[in-house]
Amino acid sequence: MTQTQPSGKSVQRLDRVVIRFAGDSGDGMQLTGDRFTSETAALGNDLSTLPNFPAEIRAPQGTLPGVSSFQLHFADHDVLTPGDAPDVLVAMNPAALKANLRDLPRGATIIANTDEFSKRNLAKVGYAANPLEDGSLESWHVHPVALTSITVEALAAFDSLSRKDKERAKNMFALGLLSWMYHRPTTGTESFLEKKFGSKPDILAANLTALKAGLNYGETTEDFAVSYEIAPAKMAPGTYRNITGNAALALGLVTASHRAGIRLVLGSYPITPASDILHTLSGLKRYGVTTLQAEDEIAGIGAALGASFGGAIGVTTTSGPGVALKSETIGLGVSLELPLVIVDVQRGGPSTGLPTKTEQSDLLQAMFGRNGESPVPIVAPQSPADCFDAALEAVRIATTYRTPVFLLSDGYLANGSEPWAIPSVSELPDLTVEFATEPNDTDGQGEPVFHPYLRDETTLARPWAIPGTPGLEHRIGGIEKANITGNISYDPDNHDLMTRLRAAKVERIADTIGDLEVDDPSGEATVLVLGWGSTYGPIAAAARSVRNTGAKVARAHLRHLNPFPANTGEVLRRYDRVLVPEMNMGQLAMLLRAKFLVDVHSFTQVRGLPFTTVELADAIVSLASGDDAMAPDSRTTDATDQVAAKGGHA
């Protein structure tokens with residue numbers, strides 16, 4: 001629907017839009033996207049975001065490796081993904097245009113900063129001619145705007161600022177222009193700028209002026225004849241805020257400690273993309289949170305496990321490389337049978353890999369990456385907001401069953417954001433912890449005694465005794481303990497028993513996690529799509545797309561990866577074919593095949609990016625039609641063939 005404003009410009013009603021801001025890593029694209037997202041959330045649109053930035057602190061300016069982008073998908077209905085492709089690309093330089101053009105569908109809009117399309121910048125990315133002038137972009141709606149020079153001109157009165165300082169405000173001009181185009185308010189951004197630059201009045205005034213100049217430019221220029229409205233989405237009543245996965249996870253950990261009634265202690269070493277959890281928790285000391293930025297990964301988890309021994313909830317945050325270093329201490333936690341939460345915000349690997357890109361390739365590391373038989377529970381959130389609930393669940397399992405617990409997030413969830421309905425206290429689970437305060441058994445003479453490995457009959461958890469409690473002194477350490485007494489034991493039968501008890505304790509967690517729920521509206525689907533972690537949104541969107549064509553497909557999503565829900569095997573056998581999309585080489589598929597002897601079909605990618613709806617929908621349709629080409633491990637086979645064809649080795 002289109003309306004005409006008194007100015008003669010028309011307003012078009014849309015149900016959804018995907019915008020991508022892209023520029024040099026110093027152009028402030030993440031800030032611009034974040035502010036646009038916050039204003040969009042305030043208007044009540046449902047949304048999902050995908051930040052994408054270089055690993056380097058400052059990559060070479062104007063180069064393809066230095067491109068930073070922020071994609072936002074917002075709509076008047078339920079949003080599941082950041083969008084497969086942008087409808088609007090804001091390109092601050094030639095590198096941003098070239099790096100993102102292949103993602104842009106024909107007919108989409110490009111807003112290009114013409115000031116940066118100099119011969120030097122064009123040559124940096126391999127453009128022989130200016131694409132804004134040579135007709136190569138005629139399939140797109142191109143709006144050439146001299147963002148830099150217009151911003152500098154708008155700030156001409158600020159004599160105290162250098163030209164470079166004025167140029168830095170061009171992202172605020174771009175934000176103002178896009179805010180006009182999509183009827184976004186700017187009051188929240190103005191408040192943000194006042195807090196950020198309150199001590200620098202000239203910088204503050206310049207940014208506010210640039211923001212307003214962008215709004216005015218959209219209103220007055222003839223190049224933009226149409227603006228757009230996207231109505232608020234229908235959401236359940238409540239108080240909402242926009243939240244990233246890392247922020248939600250941090251708040252979930254703090255909430256869990258309050259519901260448990262004990263302190264939260266974070267021992268951590270900064271690592272991308274988990275560092276923001278440390279940053280967030282370090283600002284929450286008033287809520288009983290202690291944070292320790294350790295000198296390395298091993299020290300971080302050592303402090304966390306020590307805090308758990310002392311009666312706190314010990315947490316350590318890291319990514320895949322850090323998990324490798326922490327593995328010995330995790331094994332110690334398994335042996336001591338103490339609560340410990342290991343947050344692994346996964347990123348591309350191996351080794352340093354792709355620090356700022358997403359992947360799901362640490363599942364087998366979390367499952368088996370320790371010496372000896374040392375099983376630990378694994379929990380995985382499905383969306384940025386769900387990181388809050390996953391943190392509560394990880395703490396519940398750790399404190400109830402006295403065990404280390406892995407929480408597997410990833411870069412996509414950590415940096416992405418969505419609206420989060422803030423829960424009321426009455427909705428939160430009771431995580432109250434009962435410490436051992438007195439002897440729990442008698443010795444051969446009938447005298448009271450404390451046995452540190454006398455287990456709860458239901459959970460098989462051992463008692464949690466705070467050091468210094470009179471009469472509850474007991475041994476700790478990594479050497480095997482005797483059942484019941486906790487004395488050092490090298491007895492073969494005792495080691496076999498303790499190993500099986502620790503494994504049985506983890507398996508008993510399945511009694512409290514509920515069944516795997518299946519979304520199968522027709523009840524007639526023969527294909528099931530099963531995912532875990534951040535594949536939830538793309539899978540749900542793909543299933544919705546396939547169902548809209550009349551096809552029948554079921555989907556389910558695993559939060560608990562060890563142990564699996566008790567009915568997982570039954571669910572898998574209910575369907576003729578099961579598709580398992582993963583951002584790895586098929587790790588969950590391997591576990592499912594081994595445990596349930598079901599020939600699931602693995603659909604994988606390791607590109608550092610989330611799945612698109614289209615590619616998953618195509619894979620579902622192909623599998624449903626009996627074509628396995630898109631499913632099992634065809635991509636690996638194709639890659640091997642390609643290498644062989646070139647005379648190399650795979």
Side-chain angles (χ1 to χ4, degrees), residues 9-10 12 14 16-25 27-30 32-33 36-37 40 49-53 62-64 66-74 82-119 121-151 170-184 214-215 217-219 221-228 230 609 612:
K9 294 194 174 187
S10 59
Q12 185 177 343
L14 302 176
R16 55 169 292 281
V17 71
V18 179
I19 299 174
R20 183 181 296 177
F21 298 92
D24 190 72
S25 56
D27 285 337
M29 294 296 93
Q30 302 304 319
T32 304
F36 194 89
T37 298
T40 297
T49 68
L50 177 63
N52 192 355
F53 44 86
T63 63
L64 292 174
V67 173
S68 175
S69 67
F70 188 104
Q71 183 163 305
L72 165 67
H73 179 195
F74 60 102
D84 286 0
D87 302 302
V88 179
L89 171 66
V90 180
M92 303 298 280
N93 59 19
L97 176 64
K98 189 166 189 176
N100 293 281
L101 189 61
R102 65 180 180 179
D103 296 335
L104 206 63
R106 307 285 173 165
T109 297
I110 299 173
I111 300 174
N113 180 15
T114 57
D115 289 320
E116 294 297 321
F117 281 72
S118 63
K119 288 184 178 181
N121 287 342
L122 291 167
K124 282 183 180 180
V125 295
Y127 276 128
N130 190 339
L132 303 180
E133 300 172 352
D134 65 4
S136 61
L137 301 179
E138 61 183 11
S139 297
W140 292 272
H141 297 294
V142 181
H143 295 275
V145 181
L147 293 173
T148 304
S149 57
I150 295 176
T151 302
K170 63 181 179 290
N171 64 326
M172 287 295 106
F173 181 93
L175 177 59
L177 175 58
L178 269 293
S179 297
W180 173 84
M181 283 182 64
Y182 292 96
H183 294 225
R184 305 292 98 178
L215 286 164
Y217 183 83
E219 182 67 30
T221 183
E222 295 181 0
D223 194 33
F224 292 90
V226 181
S227 61
Y228 305 92
I230 295 91
L609 295 169
T612 66

Is the H143 ring parallel, tilted or perpendicular to the F224 ring (thresholds 30°, 60°)? parallel

For the side chain of K124 and the backbone of P94, is there at least one donor-acceptor N/O pair under 3.5 Å apart? no

R184 side chain near L178 side chain, heavy-atom distance below 4.5 Å: no

Determine, stepwise, if the pair L14 / D87 fulfils side chain to side chain contact (heavy atoms under 4.5 Å, CB included). CA-CA 12 Å; L14 302 176; D87 302 302; over 6 Å; no

Over all heavy atoms of both residues, which pair between L104 and T109 is shortest? Give the atoms and the distance, please. CD2-O, 4.3 Å

Under the 3.5 angstrom rule, does the side chain of N130 hit a backbone N or O of L132 as a donor-acceptor pair? yes

Hey, mind stepping through H183 and S227 against side chain to side chain contact (heavy atoms under 4.5 Å, CB included) and telling me if it holds? CA-CA 7 Å; H183 294 225; S227 61; 2.8 Å; yes

Sequence neighbours excluded, which residues qualify as side chain to side chain contact (heavy atoms under 4.5 Å, CB included) partners of L609? N52, R607

So do N171 and M29 actually touch side chain to side chain, heavy atoms under 4.5 Å? yes

Looking at A22 and L89, what are the two nearest heavy atoms and their distance? CB-CD1, 4.0 Å

Which atom pair, heavy atoms only, marks the closest approach of A85 to D103? CB-O, 3.1 Å

Could you walk me through whether Y228 and V17 pass the side chain to side chain contact (heavy atoms under 4.5 Å, CB included) check? CA-CA 10 Å; Y228 305 92; V17 71; over 6 Å; no

Do V90 and L177 have side-chain heavy atoms sitting under 4.5 Å apart? no

Give a yes or no on whether the backbone of G62 and the side-chain of D24 come within a donor-acceptor separation of less than 3.5 Å. yes

When you measure from the side chain of T221 to the backbone N and O of Y217, does any donor-acceptor pair fall under 3.5 Å? no

Keeping to residues at least two apart or across chains, list the side chain to side chain donor-acceptor pair (under 3.5 Å) pairs with something in residues 89-100. R20-N100

Hits for side chain to side chain contact (heavy atoms under 4.5 Å, CB included) against R106, two or more places apart or cross-chain, chain-then-number order -> S139, W140

Testing the 3.5 Å rule here: is there a donor-acceptor pair between the side chains of T148 and N113? yes

Roughly how far apart are I110 CD1 and L101 CG, rounded to 0.5 Å? 5.5 Å

Considering residues at least two apart in sequence or located in another chain, which fulfil the salt bridge (charged side-chain N to carboxylate O under 4.0 Å, His left out) criterion with D115? none

Does any part of the side chain of F70, heavy atoms only, come nearer than 4.5 Å to the side chain of T32, both counted from C-beta? no

Quick check: do L97 and V125 have side-chain heavy atoms less than 4.5 Å from each other? no

Here the pair of heavy atoms bringing F36 nearest to S179 is CE1-N, 4.0 Å

P86 versus P105, closest heavy-atom pair with distance: O-CD, 3.3 Å

Heavy-atom pair of closest approach, residues A146 and S149: CB-OG, 3.1 Å

Passes side chain to side chain contact (heavy atoms under 4.5 Å, CB included), F53 versus S25? Steps please. CA-CA 7 Å; F53 44 86; S25 56; over 6 Å; no

Of V226, I19, I111, the residue whose pairing with M181 passes side-chain contact (heavy atoms from CB on, under 4.5 Å): I111

According to ring pair (Phe, Tyr, Trp, His ring centres under 6.0 Å), who are the partners of Y127, at least two apart in sequence or on a separate chain? none

Please list, chain by chain and in numerical order, all residues satisfying salt bridge (charged side-chain N to carboxylate O under 4.0 Å, His left out) with D84, sequence neighbours excluded. none

Donor-acceptor contact present, side-chain Q71 to main-chain F21, <3.5 Å: no

